[in-house]
Each structure stands twice: as C-alpha cells, then as structure tokens.
Amino acid sequence: MQVWRVNTRQKNDTIEACPQSWERLGGRGLVARILLDEVKPDCDALGKYNKLILAPGLLVGHKLSSCDRISFGGKSPLTGGVKEANAGGITALNLVSLGIKALILEDLPEDDKWFILHISKSGVRFESADDLIGLGVYQSTEILLNRYGKHVSLALIGPCGERQYLAAGIMNLDKDQNPSRIAARGGLGALMGSKKIKAMVIDAQQGEKPPILDAERYKQAQKTFTQALKDHPQTKIYHDYGTNAMPGMSDGFGGMPTRNFSAGHFEGLEKIRGETMREMLIERDGEGKPSHACMPGCIIQCSNVYADENGKTIVSPLEYETVGLLGANLGIDDLDTIARLNWECNDLGLDTIDTGAALGVAAEAGLLKFGDGKRALELIHEIRQNTILGRVLGNGAAIAGKVLGVTHVPVVKGQAMSAYEPRAIKGTGVTYATSPQGADHTAGLTIRAKVNHLDPSIQANISRNAQINMAGYDSLGACIFAGNGFASAPQTIKELITARYGWEVSDNFLEVLGKETIRLEKEFNRRAGFTSAHDRIPEWMTREPLPPNQSVFDVPERDLDNIFEDLIQKDE
Ligand code: SF4
C-alpha cells in the first residue's frame, strides 16, 4: 500500500512507500499520526500548511460487512484541533483497490481556479471544475457521473464547502450513486474548498482487491464475524428502523434535544420516531425503502430511502441525528419537512447537526418560531443565497450564537452536540467534553450502557471505554454497528488482521489501536494550544435543570481531567 500526495499549488502528485511507523494504523488513527508528523498544530486550518487526508480503515477492501469506511482528516477549521470525520459509501473501497493507504492533499493554489482530481491507476490528473462551481451536490454528481461513467466513486463538496463555511462536509457516493454519505463534522468541506478541489473522482476499474496472506484463516474469521453480527439483536433493530430507532430511547431517558436543548422530551416524538417512519414508508410504497445498504456487503442496512406521499424520493438516508437536530431541536414534528431540510443540507454540502443546532440558536434569537418548518426552509435558503444571515448560519452553531447574541449554544470546542442531551445521558456528555474531536456522539456513545445515565459518579469510565472502542473501530474502518458483531466475537479482529496482513497483533488490538489514536489526537491538540479548560460542557448546562428529569451536567471536573491521564505521553 502506498501514500499518494497531491500538491494543489504545483498541480502534481507523488507516490511513496508507506513509512513503517504508519503501516499498522488506518482510518482515524492514521489521520492522527499523519497530522502529528506533518501538520503544524498552530497553523491556519484554511492555510497552506494544513493538509486534507483521506485514509481508509485497516479492514477496508474485502466487503466485510459494514467495514469499508473512509476517514477524512486535517486540522479542523471549526474546532481548531484534530479532526477526523468518516463516511460510508464506496470511496474507501475504491482507494484501497488502487493500493492507496493514504491520499494527502497539500499546499494551497495561488489563484482562484477550481479543479477536479481524477485518481486512477494512471495517477492523478487535474481537470477544470469551472462548470461545476456554484452547483449543488446532486447536480454536480449527475454531471460527473455522465462525464466519467457510473463505475467511479466521488468525494465532493457543495457550495458551502466552496465558500469555506465551517459547517461544510465532504459528500461521498453510496453504492447506488447517491452522493449522501457525508464526512460531516468539523468543517472538512471548507478545508477541501480552501484547496480549490470541487471533487475527487476515483476510478478503480484497473484496481484490484488487496492481498490476503492467509485466505482460509480470513474466510473463517469473516464467517464467524458475519454470523455474530447477524445474531446480534441490535442488527435487526437497525435493519428495520435505521438510526431512527433512537428517538424512543433518547426521549425515554429524557435526553431528546428539544427546542434548542431546552427540554429532553419532545411532544411530537410519535410522529418522528423510526417505527412511524417505517410504517409510513411501507404504506407509501414507490421508491421509499425502510432498509438500505450504503456500501456493498453490509448486512445491517441501517440506511433508508425516504419517499413522499406519492412514493417519490425526497432524501436518502434520513438519519436520527438529522431528525433530532432539524426536527425536535427546532420543534418540527413533520418527517416530510425534516427530509426536505435534509435534502437542502446535502445539496449545499452541510453537516445537518451543526446546521440544525445553528437554526435552534436562530430560533432562540427570534428568527424562527419553533415548529415552523416553512421558516426553517427559508433560513436554509438564506444559506444557499449566501446572504449575511446565511453565512452566519452556515458557519455553525458557535458562530451563530456569537453573532446573534445567544448564550444557550450547545457546542464543545466550537462543534455542535448531536441528538443526545448531555444532562440526561451524562456519559455521552463526558464524551462531548473530553473527545479531542469536539462534541460528537460517534466518538463514544453511551446510551446503550445498562446503567443509570443520571448518576454522575460512573460516567467517566463508561465514556472512556466507549471512546477507546470507537477510536479503534474508526481506525479499522468499521461502522459503529459492526461493533456489535465484534463485541460478540472479539477474537475475529485479531484473526482478520493477522490473516490479511500477517502481523502478530495482541488479543486486545482494538483497545491498542483506540488508545494510540486518542493519545496522538490529544497530543496534536496540546500542541495546538488546547488545555483541560476546553474539555468542558457549556456552563449553562451545569446550572440549568433539564426537564423532565430536572438534571444538570454534574460529572466532576476532576473526572473529565483524568479520563485519559494514563495515555498522555508527550511525543516530541
Ligand atoms: S450499518 Fe448503515 S452506516 Fe453502517 S455500513 Fe451499513 S448501511 Fe452503512
């Protein structure tokens, strides 16, 4: 496997052997290692010294169920710290088929010309993107697929990435050429926009599957893992209801962010929960599908195709975080409206979490009445039109709060919280506070732990374990739900890695990977100027009780400060 570097100023590329110290890392862990080795932590995130890194996970390449994810990374334009955001779809599979361990976009162009990067066995080609500038993600995708063929994969930005909005993400094709798999968090779309790359087109037609050293051993491990995943009760739940299985659980714990995180129970819950959505999609028939795989080989199929009452697709997929932030958080209880808001965000190339949180802040400022879906769509239209208000909202909740004079802003390290209230699901609050990534449920979700989520004394440990596991899975390229299979058959991780690469790894390889990843990330943030003062939930959430539990975030600060104390080892 090789490291491909693209210089966006000189418009050339080089292909190098992978350094030994990077070999046993992949995905999120590799992003952290490259950032620490090559990017000045105090650099301007949108300047010439930052790099945009694409790193497939270690298990990517063989369509192992739900294990072909791509990590994007760089210094975050949103948080100012380390950033990795991963996505499903087919980008990782194609990169690995070309033998690419990491693709690194460097430097900055000296002019305003935009390019498409065409990546294939023949190398990297810069082609003009003039005809795509200003176009939405869906139209750009249609043009690119007509030009390059339906066999390619794409990673592209929308108008918000072009304008370097801090809530912009990078969109990726799913297996059905739908550009909706977003590496959403941390403003990496803005980083790609700073390099004037509108799209990466990855043509793996001449590529090949990566080698497996011991095919029989791999096959056995794959069989065991797949069976364990099939047998896990959560697999059926996510298959049937997708991530939108979560509203009932979240709301049941009093943790459904409602009306800009002012309550934990949403009266409109029944209308937006996954069970309702599934029934509605089945009844509406047509193009809608309650279950859908984002990548080949996924047996969980947690995605969906959301169709309107005429059976015409509005958006695919509609996920819990979007339902939470653009729904309950705005007091909107109509799934069709939420789906339309989702489509707009996708087309603009925007993170629905930070955008939903920014709209919640706008509502608090009086620019939107909670529950008014039409006005929410108008505000998204302001973003599309690039008005001053649109720019404020497109830069995410933290900026919106500052400009609009709102103090109740649900962010950590400048990044919006996901759809789990930290005052009710306190372990996830610990994750928001202490993850080097900023507030992000995927860094360590604790809601499924069978504990009292309101007891502050036990949360740090639960969050720590979840964070280490997730950092491990993100480095393997495994979807969060593939983790259920690995949790039931943990030995298969070692078996798959040893069979594929011939490495002798320990039984606790997942933990080793996870700890190393977090250690590297913490070190990058330390050098970027982060201290324990940044590992805090907003102060108002420690004072203002959240109905219905009337709970505050009261996990002791010393627990937050000590959570990764044993991992801290300076890496000069
Ligand atoms: S479980 Fe969902 S997100 Fe994960 S790989 Fe399958 S379809 Fe994609």
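Read the numbers this way: they start at 1 and go in the same order the structure lists the ligands and their atoms.
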Is it true that Arg284 and Asp336 make a salt bridge, defined as a side-chain N closer than 4.0 Å to a carboxylate O? yes
Atom 2 (Fe) of ligand 1: closest protein heavy atom, distance to 0.1 Å, is Cys302 SG, 2.4 Å
Looking only at heavy atoms, the pair that brings Ala155 and Ile170 closest together is CB-CG2, 4.1 Å
Mind checking whether Glu319 contacts ligand 1 via backbone (N, CA, C, O), side chain (CB onward), both or neither, at a 4.0 Å heavy-atom cut-off? neither
Suppose I only count heavy atoms of Arg181 and a 4.0 Å limit; which atoms of ligand 1 are within that range? 3 (S)
So does Gly288 get a backbone contact from the side chain of His292, meaning a donor-acceptor N/O pair under 3.5 Å? no
Determine, for Arg185 against Asp354, whether the closest basic-nitrogen to carboxylate-oxygen distance falls under 4.0 angstrom. yes
Which protein non-hydrogen atom lies closest to atom 7 (S) of ligand 1, naming both residue and atom, and how far is it? Cys294 N, 3.3 Å
Starting from atom 4 (Fe) of ligand 1, which protein heavy atom do you reach first, and at what distance in Å? Cys479 SG, 2.4 Å
Charged N to carboxylate O under 4.0 angstrom, Glu511 versus Lys515? yes
Can you classify the ring geometry of Tyr420 versus His441 as parallel (below 30°), tilted (30 to 60°) or perpendicular (above 60°)? tilted
Show which atoms of ligand 1 fall inside a sub-4.0 Å distance from at least one heavy-atom site of Phe481. 1 (S)
Within the 4.0 Å heavy-atom shell around Ser66, which atoms of ligand 1 are there? 5 (S)
N, O or S atom of Cys298 closer to atom 2 (Fe) of ligand 1 than 2.8 Å: no
